[in-house]
Amino acid sequence: MGKALYRTYRSKKLSEIVGQEHITTALDHALRKGTISHAYLFTGPRGVGKTSIARILAHEINGLPYDEDRGHLDIIEIDAASNRRIDEIRDLRDKVHIAPSSAKFKVYIIDEVHMLTKEAFNALLKTLEEPPAHCVFILATTEVHKLPETIISRTQRYAFKPVDLPKVVAHLKHIAKEEKIDISDDALALIAAHGEGSFRDSISLLDQVRNTGKKIELEHVQTVLGIAPDELIQSLLGALSAHDSVAVAAGLAQMHEQGYEPTQIAKQISNALRRGILEGQLPFAHDVAMKLLTQLLHTPASPDPRVALEIALLDAALSDGQAIAVVAKVTPKTASPAVVEPANPTTHVKPLRKTPEPKSEPEITIDVDSELFLDDKSWDLILGALKTKYNTLHSVAKMAQPHYEPGKLTLEFTHKFHQKRLSEARNKALLSEVIAGVTGSPIAIECIIGEGRPLQAVPAPLPPADGEIVHNVDQSTPLPNDRPTSPVDAISNIFGGAEVLES
C-alpha cells in the first residue's frame, strides 16, 4: 500500500518547517538555552504543522532522532476527540508521576484538546498547576476559544498562521519535481489557493490529481474541485449588475446541468464580491452586496443549497437598489468583463458565452441619418422593441435619461457601469439596429455620465377610454411622466391596476 504524499514529505526537523518561522525560531532558541517550559499550547487552523512541530519538539527535548514510523515509550500521543472523558485524564494524572523509562522527559501530546469535557479539563488543570519535573505537556487545538482560560494561562501559547500562498506553491512544486508529477504552474496555484494556507490539504489535493492525466493542467484541477469556469461566474455577475433575473436563472441552470455544486458557486461569487469591495469596484449598492454576501455565507448550511443560492441571487437581481458592479478575477489569464448578450427568441434559457475583450472588438461604422429627430414617444417605442428582442440590453438602456438632437441621441446614465456597457461597440450596434427598425434609419448614439433616470421611473398613464373607470387617489391631479405620486400609483404600475376601498 502506498504512502500518502503529506506523510512522505512531513518535516523531520524544526529547520524543515515552512511558513511558521516565528514559532520554530523561538523553540530552537529555547532548546539551545535549555529553557524548556512544562506546558505548550499550539493553536491555529488545520494542516499548518501543529502536530508535526509537537512531535519534533518532543524528540528534540529528549535529544532523540525523529522517525514517524517508530514510537517511543516516553512520548505519549493522546487524541482528545476519542479520549475526552474524565476517566482517561485521571489515568493520565496517575501515570505522570512515574519516571520516564529511558528518555530525559516524559512528553504528553494531547491533540484536539478542546474536545475534552468540563470534568476532564478540571482534572487536567490540577496536573498543569503542579506538574512533575520530568513531564512536558504539548496541547494542540484548532478551536482555542473552547479552552478554559485557566488552562491557557498555565501554558506557553504559540499561534500558528495559514502558510503564505507563494510558500505553498514553492513547496508543492518541490514535491511535484521529486515525484516526477508533470503539472502546470496555474494548476499548482489553484491547488494552493484551494488549500487556504493548509499544507496538508494542498499536498493531499496534489496527491489526488496526480492520476488525472499525463500533463495536469488548470482544467483538470477545476474539474476535480468542481470549480466553475471564470467566464460563467463573470456572466452571472454581469446579469446581477444589470438586474436581469432571466439571465441569472439561465446561468444557474447551465451551471447545475454541467454538474457544478451550488456551495462551490456560492463560494466563487462570494470571493468575487469580496475582491470587488476591497478593490473599490462596488461604488454603489453596498447594502445589496453585503446582504447577498450574508445569504451566500449560509448557503452551504441550507437543507437545499441549490434553492438557497437561486433565491439569494434572484433577490439581488430583483432588488430596487442600485446595480452591483463586479468583475470576477479568479484567473487573470481567462478573466474578461461580462458583456450584455441578446436573448434567444425561441427559448427562455439564454446561453452564457465568453466574448472577446472590448479592446479587441472591430470598429463598427454605421451610416446615420443626420436629420432624424427622436422624442419621448419614439424612445418608448424603441425600449419596447428592445425588450422584445434584447431583454438584457433593455435592462441597461432603461436606466438612461434620453436627450434628443437632430441626427443624435444622447443617453445620460447615473452609473459608469451602465454607461460603459452601452458604449461598447457591439451593444451600441444592437441598439442602433433596433432604432432603425422603429424609425426606418439609424441615428448617432452617445453615452454620458449624469443624473440618469430614477430607478422607480414609470411612464405617464394613457387617457381612459370612453366609459372606463380609473381608480386614482386624486382624479384631478395627473401623474407626472417620470415617477408615481403615491403608493397606489406604484402598485398600479407593477400589478396593472389598483383600487382604494373605503372601510
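These numbers were taken from a predicted model, which means no experiment stands behind them.
The neighbour count for H22 NE2, taken as heavy atoms of other residues, nucleotides or ligands under 6.0 Å away, is above 12. Counting non-hydrogen atoms of neighbouring residues, nucleotides and ligands closer than 6.0 angstrom, the NZ atom of K173 reaches no more than 12 such neighbours.
A donor-acceptor contact closer than 3.5 angstrom links the side chains of D375 and S378. When only modelled atom types and interatomic distance are considered, Y390 and E433 share a side-chain donor-acceptor pair under 3.5 Å.
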Evaluation steps, side-chain contact (heavy atoms from CB on, under 4.5 Å), between L292 and L313
CA-CA 7 Å; L292 178 56; L313 296 184; 3.9 Å; yes

With side-chain contact (heavy atoms from CB on, under 4.5 Å) as the test, would you mind laying out the steps for L411 and L431 before giving the verdict?
CA-CA 12 Å; L411 299 177; L431 177 59; 3.9 Å; yes

Check step by step if side chain to side chain donor-acceptor pair (under 3.5 Å) holds for T410 and H403.
CA-CA 5 Å; T410 302; H403 302 282; over 6 Å; no

For I227 and Q264, run side-chain contact (heavy atoms from CB on, under 4.5 Å): C-alpha distance rounded to whole Å, both residues' side-chain angles, the deciding distance at 0.1 Å, then the answer.
CA-CA 7 Å; I227 296 177; Q264 181 60 42; 3.6 Å; yes

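Atoms CZ and NZ, from R421 and K428 in turn, are 14.0 Å apart once rounded to the nearest 0.5 Å. Annotation: the span from H256 atom NE2 to E261 atom CD amounts to 9.5 Å, rounded to 0.5 Å. Of the inter-residue distances, the one linking L206 atom CG with I181 atom CD1 reads 4.5 Å to the nearest 0.5 angstrom. Annotation: the span from K146 atom NZ to M115 atom CE amounts to 7.0 Å, rounded to 0.5 Å. Within the model, atoms CG of L172 and CG of D185 stand 11.5 Å from one another, a figure rounded to the nearest 0.5 Å. Between the CZ atom in F413 and the CD atom in Q419 there is a gap of 7.5 Å [rounded to 0.5 Å].
If you run side chain to side chain contact (heavy atoms under 4.5 Å, CB included) between V221 and each of L225, V224, T223, only L225 comes through.
Heavy atoms only, all atoms of each residue included: S302 and P305 are closest at O-CD, 3.5 Å.
No donor-acceptor pair under 3.5 Å is formed between the side chain of T142 and the backbone N or O of R46. N271 contributes a side-chain N or O that, together with a main-chain N or O of K267, makes up a donor-acceptor pair within less than 3.5 Å.
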